[in-house]
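First comes the structure, then the notes that go with it.
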Amino acid sequence: MRLPMTRLSGNLMWTRDGTVWATWKITPQRYGLRPLKDKQDTAALHRALLRSLGGEALLLGLAVSEEPAAVVERQIKGINLEQCPRWQAEAAATLDVLDEMQLGDRAHWLAVPLKGTWRDAPRAGFEEFRQSFGLPPVPPSASEVERLRTAARRVGELIPPAFKARPAHPAEQVWIFAHAQCRGMLEELPPTGDLERSMWVSKAGAAVPVLDEGSNSDRERRASLDALASRVLKVSDPHAADLGQPPSYQCLMAVKDTPSGGMTFPGSELMTIPDQVGVDADWAIRLRCISREAVVRKNRSAVPTRSSPPSTPWWSTGGCWPRTSSRSRSST
């Protein structure tokens, strides 16, 4: 599989088709068992978020498993256990309890393709041509990068402040690609700390996975219908396999449709289902936000207009041609 990204700088990601994406890490709103008024406020904030985007966007909710030892280490960090024996016993008891539990967290990201990046498509095609001959890539000019950063800042200013949007670092974007390759296995949390935002990262910073639909490599007999019989995706890294890292077996599902009778609020929140299945499950929402005015114009153009009322068909008169009234002429 060829990675879609070609280079990273700050929260910007250049892709093979020339589109440049800007990514932010956002803070989710508390929901849970709160009163109806708080739930309505949360829904209003999400509506404001979707209206601020005004185009295509990608919303990610990535689940990350965590080892119990990492939780206990944060619990005793900066504490002298020799002077606090009771706290040491508390930490040991916490470790025993967490060993029987499945710990995890969920990180939320928002990625938006920047408008006006159509001019980068010819450059992306030229880069593909250069790579076919083994030539090194040519980074965009400083003025082009500054133009894209300005566009990203304008989009970030439209995100409601309640979500505390923060531009993602290159290391965090590489982590997103790495996370997609090792779902279901214990891994580290997203990188934190004071990371350099202006650093350049090439596609070599992320591993290139090998995708095996149907896990045919685990079968003695390989048939063309095995991918349909076993709906599982095997993702492996050839370089990590030499170090003893097992492959990741993933199952992808998509929401086909919403109930025909409509959805009630509150009570039909779909994004709470992945947190209740008992296993770590990521979710992704591809958004295409269209303004109300654009939808109304499209609906009006789809409705045919008639200049005159339709005439009465002859079969509506019982199978006989309709009679016409005759007019008398006056003679002079």
Minimum-distance pair of heavy atoms, taken over all atoms of [X] and [Y]:
X	Y	value
L50	C289	O-SG, 3.4 Å
H179	A63	CE1-O, 2.9 Å
L110	L59	CD1-CD1, 4.2 Å
A152	W24	O-CZ2, 3.2 Å

With F163 via ring pair (Phe, Tyr, Trp, His ring centres under 6.0 Å) - residues at least two apart: H46

Among residues at least two apart in sequence or on other chains, which ones pass ring pair (Phe, Tyr, Trp, His ring centres under 6.0 Å) with W21? none

Would you compute the distance between atom [atom1] of [X] and atom [atom2] of [Y] and round it to the nearest 0.5 angstrom?
X	Y	atom1	atom2	result
Q250	S215	CD	OG	12.0 Å
K234	E213	NZ	CD	13.5 Å
E82	C84	CD	SG	10.5 Å
L60	I26	CG	CD1	9.0 Å
M13	L148	CE	CG	13.0 Å
T23	N11	OG1	CG	6.5 Å

Is there a path of hydrophobic side-chain contacts, each under 4.5 Å between heavy atoms of I, L, V, M, F, W or Y residues, that connects [X] with [Y]?
X	Y	value
L158	L12	no
L49	L270	yes
L53	I285	yes

Would a 4.5 Å heavy-atom cut-off, applied to side chains only, mark [X] and [Y] as touching?
X	Y	result
R106	P274	yes
W283	I273	no
R149	S9	yes
L233	L211	yes
T150	R153	yes
E56	R286	yes
V145	W14	yes
F177	L8	no

Derivation and outcome, side chain to side chain contact (heavy atoms under 4.5 Å, CB included), residues T27 and H108: CA-CA 7 Å; T27 302; H108 297 80; over 6 Å; no

Salt bridge (Lys or Arg N to Asp or Glu O under 4.0 Å) pairs touching residues 39-52, sequence neighbours excluded, are K37-D41

If we ignore hydrogens and angles and just use 3.5 Å, is the side chain of [X] paired with the main-chain N or O of [Y] as donor and acceptor?
X	Y	answer
S248	V235	no
Q75	L95	no
E146	S141	no
Q29	A162	yes
E172	H169	yes

Using a 6.0 Å cut-off, check whether atom CE of M263 has over 12 heavy atoms from anything other than its own residue. yes

Which is it for E157 and R154 under the salt bridge (Lys or Arg N to Asp or Glu O under 4.0 Å) test, yes or no, and what are the steps along the way? CA-CA 5 Å; E157 293 174 354; R154 292 176 179 174; over 6 Å; no

